[in-house]
Amino acid sequence: MAGASGNVPVRVIFLGPPGAGKGTQAARLAQWLGVPKISTGDMLREHISKGTPLGLKVAPFMVDGGLVADDILIEMVRERTAQPDCANGYILDGFPRTVPQAESLARMSAGGLKDVTVFSMEVPTPELLARLRGRKRIDDDNGPVVQKRLQEHHDRTEPVVKFFVAQGSLQRIDGLRDIDAVQADLRQRLKVEAPA
Ligand code: AMP
């Protein structure tokens with residue numbers, strides 16, 4: 001499989017505002033590569049639905065569209081990426097969302113961020129709003145919550161885009177195309193052998 005070809009783990013980061021299609025594309029890419037998709041939003045929602053102490057702590061931030069504290073996210077991702085199923089690589093969906101998170105990822109990854117592929121999914125705001133309002137997932141995707149999520153992205157995650165631009169590793173992806181076209185583009189950009 002592609003993820004296991006060669007000795008270098010295939011590590012991919014998806015950046016982009018809510019509604020840009022990160023989760024969908026990350027899931028398909030992860031399946032193709034045979035590596036886990038790590039969605040920090042899913043992990044946090046699982047804590048909330050199970051009623052864990054962490055879930056109780058983070059719920060108020062998630063409900064209003066704000067970001068959860070960096071130290072919580074950094075520890076969660078550090079633990080998850082240390083699991084044996086990440087040995088051949090992993091795909092991050094929703095992390096890093098702040099510059100301190102990106103810096104910590106560089107420290108926790110063997111070899112830093114040198115071999116990491118960073119895709120920035122780009123979709124104009126009016127289309128994002130239309131997509132988010134059409135979502136029926138949970139109540140974090142409506143009205144003021146949508147606005148706050150987009151604002152948080154602008155204020156705290158756009159600097160992460162600049163961080164990776166400065167590293168020369170950001171690849172901008174036109175997320176307005178249909179799902180299959182975007183996926184084909186991502187696969188073509190990854191420097192791995194196609195899975196058998
Ligand atoms: P998502 O499903 O990725 O849109 O995440 C849903 C919510 O989880 C976000 O609005 C944040 O409240 C929280 N969250 C997920 N990932 C992060 C992160 N890397 N840093 C801070 N908060 C996060």
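Keep in mind it's a predicted model, so treat the numbers as computed, not measured. Start at 1 and go down the list; that is how both ligands and their atoms are numbered.
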Is the side chain of [X] donor-acceptor paired with the backbone N or O of [Y] at a distance under 3.5 Å, no angle test?
{"X": "Lys22", "Y": "Gly16", "answer": "yes"}
{"X": "Thr157", "Y": "Arg97", "answer": "yes"}
{"X": "Gln25", "Y": "Ile179", "answer": "yes"}

Search all heavy atoms of Ala26 against all heavy atoms of Asp93 and return the closest pair with its distance.
CB-CB, 4.1 Å

Looking only at distance, does [X] have an N or O less than 3.5 Å from an N or O of ligand 1?
{"X": "Arg45", "result": "yes"}
{"X": "Leu73", "result": "no"}
{"X": "Ser39", "result": "no"}
{"X": "Leu44", "result": "no"}

Give the atoms of ligand 1, by number and element, whose distance to some non-hydrogen atom of [X] is under 4.0 Å.
{"X": "Gln101", "value": "18 (C), 19 (N), 20 (N), 21 (C)"}
{"X": "Gly66", "value": "10 (O), 11 (C), 12 (O)"}
{"X": "Thr40", "value": "15 (C), 16 (N), 17 (C), 19 (N)"}

Determine which pairs satisfy ring pair (Phe, Tyr, Trp, His ring centres under 6.0 Å) with at least one residue from residues 97-131, sequence neighbours left out, and list them in order.
Phe14-Phe119

Pair up each side-chain donor or acceptor in residues 56-63 with any protein partner under 3.5 Å, not counting sequence neighbours, and list the distances.
none

